[in-house]
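This report concerns only the one structure given below.
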Amino acid sequence: MIPGQFVQDLLARVDIVELVGRSVTLKKAGINYKGLCPFHGEKSPSFIVSPTRQTYHCFGCGVHGDAIRFLVEQHGMGFVDAVTDLAQQVGMPVPEDNASPEERAEAARKKAQVVTLTDLLAKAADHYRQQLKASPRAIDYLKGRGLSGEIAARFALGFSPDGWRTLASCFPRYDDPLLVESGMVIVSGDDPATQKRYDRFRDRIMFPIRNVKGEVIAFGGRVLDKGEPKYLNSPETPVFSKGRELYGLFEARQGLRDKGYVLVTEGYMDVVALAQLGFPNAVATLGTACTAEHVQKLLRFTDKVIFSFDGDAAGRRAAGRALEAALPHASDTRSFRFLFLPKEHDPDSYVREHGAKAFEQYVQDALPLSQQLVEVAQHDCDMTTAEGRARMLAQARPLWSALPEGALQMQLLGELAIKAGLPLADLQTLWKTDAPRSRRPARERDADDGAPWHDVPPDLDEANAQASGAGPAGPRDGQGGRFGSKPRRFDSRPMNPKWAARQREEAEQEAQRRQPRSAPRTAESRAVQMLFGHAEYWERLSADEHALMHSLPAPYGPLVAWLERDHSEHGARPWAILSHALRDDPELGPEALAIADGDAEPGATFEDFRRNVDKILDRELRAQTQALIARAATDPEALRRYREVFKHWEEVKARLSSQRAEE
């Protein structure tokens, strides 16, 4: 059995436009792509592929699904074969969930342990906050760094007093093993009889480290005066890994949406101070180099990442490691930049000296990834000599190879050839790089190349054997084919025309048997369905509208709450992934799953979603005005509130009227 989480991770790595485009000629149509449906014969394109939902839908025959379903329906593959094929394309090994009852019980125990540890750490965070309020010295330190009480509260800053066992006043059992497991208490000595226990953090400003759900999973501590180490982090625990977590990401979610990019810094104080100075979109690594997992996590929230480093040698080395982490994710639609501050400044001091506007311009002028790659490749190379240029190419090749195929990689190859003083064709020969191939469908390319037409579809004998109940025709290799045979390439072996016609006929018959899904009638149903189809719409609603959607009766309100939790943890995920996550959640019943169908109205736009939210608002505001006007005669506050609500209601009614006029 393939774990559900793996299927979600796989779909997050696959581009359905690219996958479908191998066998269907697609053309851009607004935010989607359109082509002739491969599942029934048609002359006018009605087959839509959505890059935002990562799904396809045919308005002619009704077929729809995600990347896995496309392989199943297009090539007749089983679910496991389709997952395996997709996983091989993106280089992901397929795990199998063959856990024994004992292993499942251990997994359940670890899950319960995580909950226990986060509860304990949350209690410690509350304790440290109370200690900060009682320490004038710690408060004066934060004020001296230019931090307000409001920003300290936003980041839940605290203070650990200068004592060896101050947590004993917070936890009834100081010898609780969980205090050690969470990293809050250190045990010295091997003999239980003589062991000593003491707090890890003493006389430090405390920075709670929260995951994207908002749960406290670790702490960072900074000394107030002179002392070493200047910064101290929690150790690795079952809930905390420095290579996966980023300080301030939970607090920066709204800032990322407002600013449109994330600024990756090197310290907690940079994050907090920048938030104070008008840059709430900063995060920080946790005493370790930026990793590929850090980059993947950031890309859930934004496509623009700017790394900020000191201008010294250590900062340049850290930038090199960040470059290596970013390269595999630097597709043509993403932006990575590298900012090097003057040696005398950190982000906080630069903003205070030059102002927020100057810093914003400095950020926008940061080096793009392409230039940073060339800079790193040229390091210690004398570009005036042939030997130096050859060394530059040797250093550039592994970096360039890490880039995904696309326009950026093609352009960089040309730039590197110019830097090396070589014709592009010579560099392609040297690196054994083929010229970029057309993105025409594979079948069309093969036909142009003179590839033969086959009398039978691939693996027809095996398909017939399986259909009759027999096993595979022979032993299988790791690619899904027989040993000694070439791996199957479904997208490059054109079918016999008779077989293709038969498939189209069967698809049309199947389409006739299908009942078209009717759109739900209530505004609540339609709004929730569109929200699951376009999770990014959530960010375009106001806080009051968020509250309204949460207050909807079951199953709508609980579904909205589920979606917001998923959005907080993963960012806006396409419907293709959300659909699997929904099915894997045992707490959701059939009614909720039937409502949360993000592909029910594939042609819906934000304006359609806005109209249904306004219909819900219209009813809610009408009810509020009626309740308030009944109290207005005796309650002046109710009268004031009535005027505000009535004004809002008028705006909503005007929007609805305008929408009806446009229709």
Side-chain angles (χ1 to χ4, degrees), residues 3-13 90-93 95 107 110-111 113-122 125 155-156 181-184 200 207-221 231-253 256 262-268 270-271 281-303 305-309 318-330 334 336 402 565-573 577 581:
Q5 185 59 50
F6 175 80
V7 174
Q8 297 174 40
D9 294 340
L10 173 62
L11 289 171
R13 294 273 294 274
V90 297
M92 293 177 67
K110 288 183 177 179
K111 186 175 181 179
Q113 178 192 38
V114 166
V115 174
T116 303
L117 286 176
T118 54
D119 287 346
L120 181 147
L121 291 165
F155 285 86
E181 193 168 7
S182 65
M184 302 305 298
R200 179 178 300 275
F207 298 80
I209 300 167
R210 296 190 267 205
N211 60 20
V212 290
K213 296 179 184 177
E215 298 167 333
V216 179
I217 54 174
F219 288 92
Y231 285 98
L232 180 65
N233 288 324
S234 291
E236 302 264 323
T237 70
V239 297
F240 175 59
S241 171
K242 286 184 283 189
R244 289 200 297 265
E245 303 298 337
L246 290 153
Y247 177 72
L249 182 56
F250 173 75
E251 292 83 0
R253 292 171 304 157
L256 296 181
V262 62
L263 183 64
V264 184
T265 65
E266 298 185 275
Y268 316 116
D270 289 336
V271 173
N281 55 323
V283 301
T285 53
L286 297 164
T288 184
C290 185
T291 67
E293 288 185 90
H294 286 146
V295 174
Q296 286 178 320
K297 182 166 284 191
L298 290 172
L299 291 174
R300 296 174 184 170
F301 297 91
T302 180
D303 285 332
V305 180
I306 298 176
F307 298 102
S308 172
F309 299 101
R321 291 190 289 270
L323 174 68
E324 293 173 2
L327 283 170
H329 307 283
R334 292 170 177 161
F336 294 92
R565 288 194 300 271
D566 186 89
H567 191 286
S568 297
E569 184 171 357
H570 303 290
R573 299 202 287 177
I577 302 171

Can you give me every donor-acceptor pair (side chain of residues 237-246, partner residue at least two apart or in another chain, under 3.5 Å) with its distance?
unit_1	atom_1	unit_2	atom_2	d
T237	OG1	V239	N	3.2
T237	OG1	F240	N	3.2
S241	OG	E236	OE1	3.4
E245	OE1	K297	NZ	3.4

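- Using a 4.5 Å cut-off on side-chain heavy atoms (C-beta onward), M184 and F219 make contact.
- One distance of note links CG of D9 with CE of M92; it measures 5.5 Å at 0.5 Å rounding.
- Tested against L249, the residues V271, V262, L256, N211 include a single side chain to side chain contact (heavy atoms under 4.5 Å, CB included) partner, L256.
- For A125 against V216, the heavy-atom pair with the smallest separation is CB-CG2, 4.2 Å.
- Counting heavy atoms from C-beta on, the side chains of L10 and V90 come closer than 4.5 Å.
- With sequence neighbours left out, the ring pair (Phe, Tyr, Trp, His ring centres under 6.0 Å) criterion links F336 to no other residue.
- In terms of the side-chain contact (heavy atoms from CB on, under 4.5 Å) criterion, residue partners of A325 (sequence neighbours excluded) are, by chain and number, V295.
- Under the 4.5 Å side-chain criterion, counting only non-hydrogen atoms from C-beta, T291 is not in contact with Q296.
- Put simply, the side chain of R200 never gets that close to the backbone of S234: no donor and acceptor are under 3.5 Å apart.
- Expressed to the nearest 0.5 Å, how far CD1 of I306 lies from CG of L298 amounts to 12.0 Å.
- Taken from CZ in F307 to CD in E266, the straight-line distance is 11.5 Å, to the nearest 0.5 Å.
- The side-chain heavy atoms of D119 and L121, taken from C-beta on, include no pair separated by under 4.5 Å.
- The closest donor-acceptor contact from the side chain of R210 to the backbone of G248 lies at 3.5 Å or more, if one exists at all.
- Judged by distance alone, with hydrogens and angles left aside, the side-chain atoms of H329 form no donor-acceptor pair with the main-chain N or O of A326 at under 3.5 Å.
- Here OG of S182 is found 6.5 Å from CG of L117. Values are rounded to the nearest 0.5 Å.
- The shortest distance between side-chain heavy atoms of V283 and T265 does not fall below 4.5 Å.
- Of the possible donor and acceptor atoms, none in the side chain of T285 sits under 3.5 Å from a partner among the backbone N and O of C290.
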One pair to check against side-chain contact (heavy atoms from CB on, under 4.5 Å): I209 and L286. What are the steps and the verdict?
CA-CA 9 Å; I209 300 167; L286 297 164; 3.8 Å; yes
Intermediate values then yes/no, side-chain contact (heavy atoms from CB on, under 4.5 Å), F155 and Y247
CA-CA 10 Å; F155 285 86; Y247 177 72; 3.5 Å; yes
Go through R253 and V212 one step at a time and tell me if the side-chain contact (heavy atoms from CB on, under 4.5 Å) criterion holds.
CA-CA 9 Å; R253 292 171 304 157; V212 290; 5.5 Å; no
